[in-house]
Amino acid sequence: MSEPLQPAEQQPVQQKIGNIALLVADYDDAIAFYTTKLQFSLVVDTDLGGGKRWVEIAPPNSSGSHLLLAKASNAQQQAAVGNQTGGRVFLFLHTNDFWRDYHAMQAKGVTFNEQPREESYGTVAVFQDLYGNKWDLLQLNQH
């Protein structure tokens with residue numbers, strides 16, 4: 001038998017965001033885009049039956065949250081593919097070398113919505129994934 005848990009007020013809060021669901025039209029197209037154009041790793045690809053899969057991808061050498069590729073399964077979800085945030089930047093891809101990644105992504109045909117710019121917080125440019133979701137490629141300034 002395990003020990004009873006301590007009362008909640010004595011336990012420090014420890015949480016993290018494990019996965020972020022990203023609606024996609026097709027698992028394989030999405031995997032191909034993220035792994036070839038953005039150099040993400042395919043972390044998990046498990047067949048759940050009935051046309052569903054559990055697919056997690058992550059940026060190279062990342063220890064943070066994973067993207068869970070979720071295939072749209074009804075009209076409402078299909079309408080949201082590529083526009084999960086109503087046209088705002090959805091995800092922020094932090095990098096330790098903006099120009100390396102910017103040029104590599106450009107060479108692989110990734111669409112950038114703007115020229116890179118220097119902001120008070122770092123170097124940034126908005127790009128689109130294969131469905132049109134907006135992302136920031138971002139290198140934060142050193143503090």
Y102 and F112: CA distance, side-chain angles, deciding distance, ring-ring contact (aromatic ring centres under 6.0 Å, His included) verdict:
CA-CA 9 Å; Y102 173 77; F112 280 86; 4.6 Å; yes
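Checked against I31 for a side-chain contact (heavy atoms from CB on, under 4.5 Å), the options D26, D45, V24 give a single hit: D45. Shown are D29, L22, L23; of these, the side-chain contact (heavy atoms from CB on, under 4.5 Å) with Y131 is made only by D29.
For Q76, the CD atom sits in a loose shell: 12 or fewer heavy atoms of surrounding residues, nucleotides or ligands are nearer than 6.0 Å. Under a cut-off of 6.0 angstrom, the local environment of CG in D47 is crowded, with over 12 non-hydrogen atoms contributed by other residues, nucleotides or ligands. Counted within 6.0 Å of CD1 on I17, heavy atoms from surrounding residues, nucleotides or ligands total 12 or fewer; the atom is thus considered open. Enclosure of atom CH2 in W99 by more than 12 non-hydrogen atoms of other residues, nucleotides or ligands within 6.0 angstrom is indicated. Around CZ of R117, the count of heavy atoms belonging to other residues, nucleotides or ligands within 6.0 Å exceeds 12.
Annotation for Q139 and N96: closest pair NE2-O, 3.1 Å, computed over non-hydrogen atoms. Between F98 and L137, the shortest heavy-atom contact is CE1-O, 3.4 Å. Nearest heavy atom pair, residue T95 against residue R100, reads OG1-NH2, 3.4 Å. Of all non-hydrogen atoms in V89 and L91, the two that sit nearest each other are CG1-O, 3.6 Å. What you find for Y27 and G51 is that their closest heavy atoms are CE1-O, 3.5 Å. P59 and L93 make their closest contact through CG-CD1, 3.8 Å (heavy atoms, listed as atom of the first residue, atom of the second, distance).
Under the 4.5 Å side-chain criterion, counting only non-hydrogen atoms from C-beta, F90 is not in contact with D129. Residues Y34 and L42 have side chains not in contact (no heavy-atom distance under 4.5 Å, counting atoms from C-beta outward). Side-chain contact between F127 and D101: absent, with no pair of heavy atoms (C-beta onward) separated by less than 4.5 Å. In this structure, the side chains of V124 and F92 stay at 4.5 Å or more apart for every pair of heavy atoms. Within the 4.5 Å cutoff, no side-chain heavy atoms of T36 are placed close to those of K108.
L138 and M105 are assigned to two separate hydrophobic clusters, defined by single-linkage of ILVMFWY side chains at heavy-atom distances under 4.5 Å. Follow the hydrophobic side-chain contacts under 4.5 Å out from V44 and you never reach I57; the two are in separate clusters. L48 and L69 are members of different hydrophobic clusters when ILVMFWY side chains are connected at heavy-atom separations under 4.5 Å. I20 and F33 fall within the same hydrophobic cluster, where Ile, Leu, Val, Met, Phe, Trp and Tyr residues are linked whenever their side-chain heavy atoms come under 4.5 Å apart, directly or through other members.
K71 places no side-chain N or O within donor-acceptor distance of the main-chain N or O of K52, the cut-off being under 3.5 Å.
Considering CD of Q84 and NZ of K134, their distance stands at 14.5 Å, rounded to 0.5 Å. In this structure, OG on S41 lies 8.5 Å from NE2 on H66, to the nearest 0.5 angstrom. Between the CD atom in E114 and the CG atom in D136 there is a gap of 7.5 Å [rounded to 0.5 Å]. Atom CD of E56 sits about 6.0 Å away from atom CG of L68, to the nearest 0.5 Å.
The side chain to side chain donor-acceptor pair (under 3.5 Å) check on D28 picks up R53, with sequence neighbours excluded.
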